[in-house]
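None of these values were measured; they are calculated from a predicted model. Numbers for residues simply follow the sequence, beginning at 1. Side chains included, hydrogens not; waters and symmetry mates left out as well; all remaining heavy atoms used. When a ligand or atom number is given, it counts from 1 through the structure's own listing order.
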Amino acid sequence: MPNSRIAGVGYYVPKNVFTNNDLLKYMDTSDEWIQERSGIKERRYADRLGETTTTMGVEAAKIAIERAGITPQDIDFIIFATLSPDYYFPGCGVLLQRAMKMKEIGALDIRNQCSGFVYALSIADQYIKSGMYKNILIVGSEKHSFGLDFSTRGRNIAVIFGDGAGAVVVQPTEKEGQGILSTHLHSDGESAEILAMYNPGTHANHWVQKPVADFDDAEMGNLFMSKDMVEKAQNFPNMDGPAVFKKAVIKFPEVVMEALEKNKLSTTDISLLIPHQANLRIAQFVQQQLKLSDEQVFNNIDKYGNTTAASIPIALAEAWEQGKVKEGDLVCLAAFGSGFTWGSALMRW
Ligand code: COA
């Protein structure tokens with residue numbers, strides 16, 4: 001059974017830079033508050049009309065595919081992770097397949113928010129190991145800027161998120177000891193609503209049209225999104241920041257240790273930990289808990305904010321470009337986010 005390895009990495013971020021001070025035009029906040037709480041200095045926002053989650057994903061994919069030494073026609077499976085798709089349905093996978101003129105291959109869209117990339121990698125790993133596919137493209141891409149509440153009401157969330165895309169190509173490797181050593185996925189839906197966007201969604205008692213003639217009109221709305229939902233900002237993401245922080249700082253170290261223990265390795269063996277870029281303070285806390293040096297942890301949230309499913313592949317591609325990920329290195333990816341879902345992947349580069 002072959003191992004799977006990441007054979008090419010790429011990322012794309014929009015050219016529009018929004019500094020913390022730029023956000024002052026829309027909301028009551030400050031550069032100091034944002035930097036102190038999150039470590040973020042600036043983020044990128046996609047063009048309002050020209051760029052979508054898919055178009056950014058395509059740009060990242062082009063680079064990853066070229067670096068893997070193949071062409072888009074060689075890709076035999078797509079996994080697209082995002083929480084900000086171009087359409088409610090179909091997913092971005094088929095839009096990318098069309099845009100890149102790929103063959104009639106399978107395209108899987110997954111919705112695991114900040115853990116999306118680690119979940120996608122785990123799926124790709126199994127397909128490669130089983131021999132089913134040879135060149136899997138994983139894309140994590142987000143256009144958060146289209147759906148954030150930029151008023152003061154939404155400031156606790158709006159300041160954190162940014163747009164961008166990252167991609168990798170996963171291939172089999174016969175080289176002894178190389179590739180993905182293990183992946184570990186978890187979830188706990190108990191607190192699903194504390195980091196969520198509720199609407200539009202089927203939980204709400206709203207119908208576009210009366211389904212049956214004798215249904216009580218008083219119980220029914222005729223709107224997809226009611227005035228009440230909009231007034232309560234339920235059409236925007238909702239987050240209990242402190243609760244997310246508390247859970248994240250427990251689960252990140254736990255899932256890193258799970259990966260190390262599974263492979264009989266220790267924290268000193270890690271060449272580079274790439275945590276999902278949720279918040280610099282979370283990453284620093286995790287670093288401290290695991291007693292890792294600055295050289296062992298990669299962060300770039302200061303430039304891009306939290307790009308959810310895109311954050312790990314963007315960071316991985318940037319680290320690789322900077323020569324911080326080399327052949328033989330032990331690389332650990334770890335994610336935590338909405339759901340809650342969390343996971344890790346340990347690989348020998
Ligand atoms: N600018 C200025 N003030 C802000 C603000 C902003 N952008 N956002 C919130 N505040 C205010 C709040 O209104 C509150 O004011 P009050 O004390 O008068 O009520 C105060 O700052 C503290 O709010 P709180 O939410 O308790 O702040 P915090 O110290 O927990 O920091 C986060 C907020 C969001 C930065 C922090 O909780 C966090 O990073 N959590 C994890 C979030 C995360 O990683 N999410 C993604 C997971 S994948």
Is [X] atom [atom1] crowded by more than 12 heavy atoms from other residues, nucleotides or ligands, each under 6.0 Å away?
X    : atom1 : result
R111 : CZ    : no
K41  : NZ    : no
Q126 : CD    : yes

Winner among [options] once heavy atoms are compared against [atom]:
atom                    : options                : result
atom 26 (O) of ligand 1 : S311, P242, A278       : P242
atom 4 (C) of ligand 1  : F340, W33, W342        : W33
atom 15 (O) of ligand 1 : K247, H276, R155, K246 : R155
atom 34 (C) of ligand 1 : L23, V244, I160        : I160

Checklist entry - Should the pair H186 and W342 be assigned to parallel (<30°), tilted (30 to 60°) or perpendicular (>60°) ring geometry? => result parallel

Checklist entry - Would you call the rings of F77 and Y133 parallel, tilted or perpendicular if under 30° counts as parallel and over 60° as perpendicular? => result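 Plane angle under 30°, so parallel.
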
Please list, in number order, the atoms of ligand 1 under 4.0 Å from a heavy atom of [X].
X    : value
V159 : 7 (N)
C114 : 48 (S)
I282 : 44 (O)
N156 : 8 (N), 9 (C), 34 (C)
N306 : 46 (C), 48 (S)
F336 : 48 (S)

Next on the checklist: Would you compute the distance between atom NZ of K143 and atom CZ of R44 and round it to the nearest 0.5 angstrom?
Outcome noted: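 Spacing of NZ (K143) from CZ (R44) equals 15.5 Å.
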
Item to check | Rounded distance [0.5 Å steps], CG in N300 versus OH in Y11 | outcome: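 OH of Y11 is found 8.0 Å from CG of N300.
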
Checklist entry - Under 6.0 Å between ring centres, would you say that holds for F150 and F18? => result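 Aromatic pair excluded; centres sit 6.0 Å or further apart.
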
Can you confirm, on distance only, whether ligand 1 has an N/O atom lying under 3.5 Å from any N/O atom belonging to [X]?
X    : answer
G241 : yes
R37  : yes
N279 : yes
S38  : no

Item to check | N263, L181, L273 screened by side-chain contact (heavy atoms from CB on, under 4.5 Å) with L330, the one that passes | outcome: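 Option passing the side-chain contact (heavy atoms from CB on, under 4.5 Å) with L330: L181.
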
Checklist outcome for this item: re atom 1 (N) of ligand 1, the protein heavy-atom contact at minimum distance is T29 OG1, 2.6 Å

Is [atom] less than 4.0 angstrom from at least one protein heavy atom?
atom                    : result
atom 22 (C) of ligand 1 : yes
atom 19 (O) of ligand 1 : no
atom 48 (S) of ligand 1 : yes

Next on the checklist: Salt bridge or not between K15 and E51? Use side-chain N to carboxylate O under 4.0 Å.
Outcome noted: no

Checklist entry - Quick one: does M239 get a heavy atom under 4.0 Å from ligand 1? => result yes

Item to check | Modelled atom types, side-chain donor and acceptor of E42 and T19, under 3.5 Å | outcome: no

Checklist entry - Looking just at side-chain N and O atoms, do T307 and E142 make a donor-acceptor pair shorter than 3.5 Å? => result no

